[in-house]
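For reference, the structure is listed below as structure tokens.
FYI, side chains are in, hydrogens and waters are out, and symmetry mates aren't considered; it's all heavy atoms of this structure.
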Amino acid sequence: TVNLVQVINGRLQPGDIVQSVKTEITYTIKTLGILTPEEVLIKSLQAGQVGVMTCNMKSPRDALIGDTYHAKDEPVKPICDIKRPQPMVFAGVYPFEGSEFVKLKDAIEKVCLNDYSVTTVHETSPALGLGWRLGFLGILHMEVFSQRLEDEYNAQVLITTPSVPYRVRLNKRGKSNDIEYLEIQNPSKWPEPYMIDTCFEPIVKGTIICPQEYVGAVFGLAAESRGEQLSVEHIDQVRTKMEFSLPLNEIVVNFFDHLKSITSGYGSFDYEDAGYQETMLTKIEVRLNDECIPELTTIQHTSRAREKGKE
């Protein structure tokens, strides 16, 4: 792993042992260099310089952007507070042909080298074979990732319907005081109804800007998506800014396309995480010849379960 670093104070030399503030892992510096724009090896990096550092860091996921390093056994305060990106959309990814599993594995590993926000977990499907459950920051992130697999590595993939992480509070039978919270990223892992006390779904604060003549249609779309109006503001004589509280599950598939359609392409949409809120959720299973197909299992709001099941 090659890291681009800035020396705030002191001096770095090959052989120095440094420690990460965030991960608390120690590394021995092997080489140092500067970009001119080609990489040129140097003997040391002084305070104020920006250069590249190689060390015995085995995984790019240990290299957190914004992390602070210090000399071993000489702790310092972090220069800035950083947090790992939390995936908010999960989908199953499988090779189009079972024989391409190894090729797809190599492609995913290479794309993840410079995109450590993607989480990967191996998954096996009776219908689709060996694959992965990948976590993304959003639906656009997922689309870009899959497009890179195809464009850069010619890897053909099958992607299951994206889902979001839910939380449930389990109320174990016979132990009324023993309550447990569980985060579920894969709909097929949803607990039995009798085990669930309360369900929670992720909520986002969505901001929509569009011409005034489309405001009615946008409110209708937000209502269909179980959205709650937060504010309305007229930016100028033409455009209106609206903020809604929206369930993340309602916007990860087709919401942006529908918004562009009803606003003739003039509507813009942005959102940010707003935590979790209590709700009523139901698991929908699809059975073929009386056998459940896990890849087609989805979680829906209880009020839409029957409609979604028929669809």
Side-chain angles (χ1 to χ4, degrees), residues 85-93 111 115 117-118 134-152 156-166 187 201-277 279-281 284 296 298-311:
Q86 293 297 318
M88 294 301 293
V89 174
F90 294 83
V93 176
V111 175
D115 192 352
S117 59
V118 177
L134 302 186
F136 305 95
L137 301 180
I139 193 69
L140 177 61
H141 187 202
M142 183 187 75
E143 293 173 351
V144 170
F145 188 90
S146 60
Q147 194 64 45
R148 284 190 62 191
L149 289 176
E150 182 176 344
D151 293 347
E152 298 177 19
Q156 302 294 322
V157 298
L158 293 171
I159 300 180
T160 62
T161 302
S163 63
V164 300
Y166 296 100
E201 67 177 344
I203 301 296
V204 299
K205 179 183 177 182
T207 302
I208 299 175
I209 298 177
C210 70
Q212 293 182 10
E213 60 263 33
Y214 300 110
V215 168
V218 170
F219 272 105
L221 176 62
E224 291 177 9
S225 303
R226 297 191 287 122
E228 296 181 8
Q229 178 188 341
L230 298 178
S231 66
V232 178
E233 177 186 348
H234 296 289
I235 299 177
D236 51 34
Q237 295 181 348
V238 177
R239 296 175 300 164
T240 301
K241 174 184 176 182
M242 295 163 282
E243 292 185 346
F244 298 92
S245 175
L246 295 159
L248 180 60
N249 184 44
E250 299 289 343
I251 66 171
V252 295
V253 180
N254 296 331
F255 180 86
F256 188 66
D257 293 339
H258 290 159
L259 176 65
K260 285 295 185 181
S261 176
I262 64 175
T263 60
S264 301
Y266 291 108
S268 65
F269 177 63
D270 189 22
Y271 68 88
E272 59 185 34
D273 182 28
Y276 283 76
Q277 104 177 355
T279 189
M280 297 291 292
L281 300 172
I284 300 176
L296 300 180
T298 59
I299 304 298
Q300 289 291 330
H301 191 265
T302 303
S303 64
R304 299 191 173 185
R306 181 176 295 275
E307 172 191 346
K308 199 69 179 178
K310 289 182 178 180
E311 180 185 334

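Taken from OG1 in T279 to CG in N249, the straight-line distance is 10.0 Å, to the nearest 0.5 Å. The distance from atom CG of L221 to atom CD1 of I208, rounded to the nearest 0.5 Å, is 6.5 Å. Atom CZ in R226 sits 10.0 Å away from atom CD in E228 (nearest 0.5 Å). Interatomic distance, OG of S268 versus CD1 of I209, reported as 4.5 Å (0.5 Å rounding). Remark: I203 CD1 to L248 CG distance equals 8.5 Å, nearest 0.5 Å. Rounded to the nearest 0.5 angstrom, F256 CZ and S261 OG are separated by 12.0 Å.
The minimum heavy-atom distance between P165 and P87, with the atom names listed, is CG-O, 4.4 Å. In terms of heavy-atom proximity, I262 sits nearest to Y214 at O-CD2, 3.2 Å. In plain terms, the two heavy atoms of V89 and I139 that are nearest each other are CG2-N, 4.1 Å. The two atoms that bring T160 and G92 nearest to each other are OG1-N, 2.7 Å, heavy atoms only. The nearest pair of heavy atoms linking P202 to Y166 is CD-CD2, 4.2 Å. Of all heavy-atom pairs spanning P162 and A91, the tightest one is CA-CB, 4.1 Å.
In this structure the side chain of F145 never reaches within 4.5 angstrom of the side chain of S117, judged on heavy atoms. Side-chain contact check for Q212 versus R239: every heavy-atom pair is 4.5 Å or farther apart. By the 4.5 Å heavy-atom criterion applied to side chains, Q300 and E307 are not counted as neighbours. Between K241 and T207, the closest side-chain pair of non-hydrogen atoms falls below 4.5 Å. I251 places a side-chain heavy atom less than 4.5 Å from the side chain of F269.
Residues forming a salt bridge (charged side-chain N to carboxylate O under 4.0 Å, His left out) with K205 (at least two apart in sequence, or on another chain): E243. Every residue meeting the salt bridge (charged side-chain N to carboxylate O under 4.0 Å, His left out) condition with E311, not counting sequence neighbours, appears here in chain and number order: K308.
Ring pair F244/F219 is perpendicular by interplanar angle, where above 60° counts as perpendicular and below 30° as parallel. Between H141 and F136, the ring planes lie perpendicular to each other; the angle is over 60°, past the 30° to 60° tilted range.
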* Asked: What's the verdict on side chain to side chain contact (heavy atoms under 4.5 Å, CB included) for M142 and V252, showing C-alpha distance, side-chain angles and the deciding distance?
  -> CA-CA 10 Å; M142 183 187 75; V252 295; over 6 Å; no
* Under the side chain to side chain contact (heavy atoms under 4.5 Å, CB included) criterion, do C210 and Y266 qualify, and how do the steps go? -> CA-CA 6 Å; C210 70; Y266 291 108; 5.7 Å; no
* Stepwise side chain to side chain contact (heavy atoms under 4.5 Å, CB included) check, M242 with V215 -> CA-CA 9 Å; M242 295 163 282; V215 168; 4.0 Å; yes
* Please lay out, stage by stage, how Y271 and L246 fare under the test side chain to side chain contact (heavy atoms under 4.5 Å, CB included). => CA-CA 9 Å; Y271 68 88; L246 295 159; over 6 Å; no
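Panel note: side chain S146, backbone E143; a donor-acceptor pair is recorded below 3.5 Å.
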